[in-house]
Amino acid sequence: MNSSSKHTLSLGGLFITLAGAVLFSTKAIFVKLAFGQLRVDAVTLLAVRMIFALPFYLVAAFVLSRQKGNVRFTAKEWLYVSTIGILGYYLSSLFDFIGLQYISAGLERLILFLYPSFAVFINAFYFKQRISGIQKTALLLTYLGIGIAYFGELSVDASNPDFYFGSFMVLLCAVTYSVYIVGSGRIIPRVGANKFTAYAMLAATVGVLGHSLVVNAGKGLALSPDIWQYGVLLAVFSTVLPSFMLSQGLKSIGSNNVAVISGIGPVSTILQAHFVLGEKIFFTQVLGTLIVIVGVLLISWKREVPLAKPESGAL
């Protein structure tokens, strides 16, 4: 490992990563509140979120493109970034919002935490990377934890006829987001974290707004002020700020440290869901969450080098 691959755990980098992970975890809370208080569908709520996020990413893209040393995208890179953005923030968010209509915020965040394991499988089968012994142990722990928490939640929410459908939608979210993680890990070293984030989000916004126009078919978005309020909260506090915070965290303290700190996400969501939404906290949920976090941390072990050395062909 060369010096460029090493990162110190600075207090500033730690704080910004922790804050970003906690802010990301508020998304499920805001979405559940919106669905509970308002008559709004997943596509419309997602579109409102992206409308308010759009100006921030337009400004970021403009500023970054004018910086000294900016490297212009090739045609292939434009296609790559756009495709990853659509998969990682349009389709992934759409699946997530749909799923949140039917399952608890705590379970949603836990299922989403399967994405590192899916990233391992993608790298193994598509890029022919060997799955190490510690990663195999991590995968076993991750799925064991999910199973414990899932069946515990099922026993609590057995009367919900759409429980399995909601779970499947969030699972699809985790799969598409893992594609985003693998893809971003391969292109960020070439174009930069902030530039990648800005343009990937712009591509996702185009997809979301296009979908909304088709679904709403000329009805527009003449919605109540409450929906716009949730759109602002989702855009600023659950999208824009955390996306750039975690990008800076990757740059400042490295992917391995970011993965460790991001383990606070499911715990933060469960606590917020309990105190804000009134969701119950039960033993199997806590046990499963802890096991999943341990598994994810093991999966993420020593993943800094690939980000710093993209020529190695690893994530």
Side-chain angles (χ1 to χ4, degrees), residues 7-33 88 92-93 96 100 103-119 138 141-142 144-146 148-150 153 170 173-174 177-178 180-181 184 193 197 233-234 236-277 279-304 307:
H7 296 85
T8 58
L9 192 59
S10 66
L11 185 61
L14 187 152
F15 175 78
I16 199 170
T17 302
L18 181 64
V22 171
L23 285 177
F24 259 135
S25 72
T26 65
K27 176 198 65 178
I29 308 304
F30 290 141
V31 171
K32 294 291 285 186
L33 285 172
S92 183
S93 294
D96 189 34
L100 277 167
I103 65 174
S104 71
L107 181 60
E108 176 261 2
R109 181 56 50 175
L110 203 56
I111 295 175
L112 279 184
F113 237 49
L114 285 172
Y115 78 83
S117 69
F118 295 145
L141 287 173
T142 300
L144 174 63
I146 289 290
I148 291 172
Y150 190 81
E153 182 108 14
V170 178
C173 171
Y177 189 66
S178 69
Y180 168 84
I181 291 298
S184 65
T197 299
L233 292 172
L234 283 165
V236 175
F237 295 105
S238 302
T239 307
V240 176
L241 287 178
S243 67
F244 283 116
M245 282 177 170
L246 292 186
S247 291
Q248 283 302 308
L250 283 169
K251 180 179 179 180
S252 175
I253 63 176
S255 59
N256 188 40
N257 290 325
V258 168
V260 172
I261 297 169
S262 295
I264 192 67
V267 177
S268 174
T269 300
I270 288 171
L271 291 175
Q272 291 180 73
H274 175 69
F275 290 107
V276 178
L277 303 176
E279 293 183 3
K280 295 181 179 179
I281 297 178
F282 44 93
F283 175 73
T284 52
Q285 180 190 49
V286 174
L287 178 61
T289 299
L290 292 176
I291 294 175
V292 168
I293 290 174
V294 171
V296 169
L297 296 184
L298 287 175
I299 289 173
S300 305
W301 189 255
K302 295 183 179 179
R303 283 174 56 201
E304 286 181 274
L307 281 176

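- For Leu33, the side-chain contact (heavy atoms from CB on, under 4.5 Å) criterion is met by Ile29, Gln37, Tyr230, Val276, Leu277, not counting sequence neighbours.
- Thr289 is linked by a side-chain hydrogen bond (donor to acceptor under 3.5 Å, both in side chains) to nothing, counting only residues two or more places apart in sequence or in another chain.
- The shortest heavy-atom contact between Tyr177 and Gly88 is CD1-O, 3.8 Å.
- Scanning for side-chain contact (heavy atoms from CB on, under 4.5 Å) contacts around Thr26 gives Phe30, Ser238, Gln272, with sequence neighbours left out.
- Ser243 contributes a side-chain N or O that, together with a main-chain N or O of Val240, makes up a donor-acceptor pair within less than 3.5 Å.
- Sorted by first then second residue, the salt bridge (Lys or Arg N to Asp or Glu O under 4.0 Å) pairs that include residues 15-27, not counting sequence neighbours, are Lys27-Asp96, Lys27-Glu108.
- Checked against side-chain contact (heavy atoms from CB on, under 4.5 Å), Leu141 has the following partners two or more places apart in sequence or in another chain: Thr137, Ile291, Val294, Leu298.
- For Tyr180, there are no side-chain hydrogen bond (donor to acceptor under 3.5 Å, both in side chains) partners at least two apart in sequence or on another chain.
- Taking the side-chain contact (heavy atoms from CB on, under 4.5 Å) definition, one finds that Ser178 meets it with Tyr115, Phe118, Ala119, Ile122, sequence neighbours left out.
- The two residues Ala21 and Ile264 come nearest to each other via the heavy atoms CB-CG2, 3.7 Å.
- Here OG of Ser92 is found 7.0 Å from CG of Leu112. Values are rounded to the nearest 0.5 Å.
- Annotation for Thr17 and Gly249: closest pair OG1-CA, 3.4 Å, computed over non-hydrogen atoms.
- Counting all heavy atoms, side chain and backbone alike, Ile146 lies closest to Val292 at N-CG2, 3.4 Å.
- Nearest heavy atom pair, residue Ile270 against residue Gln285, reads CG2-OE1, 3.8 Å.
- Enclosure of atom CZ in Phe237 is not indicated, since only 12 or fewer non-hydrogen atoms of other residues, nucleotides or ligands lie within 6.0 angstrom.
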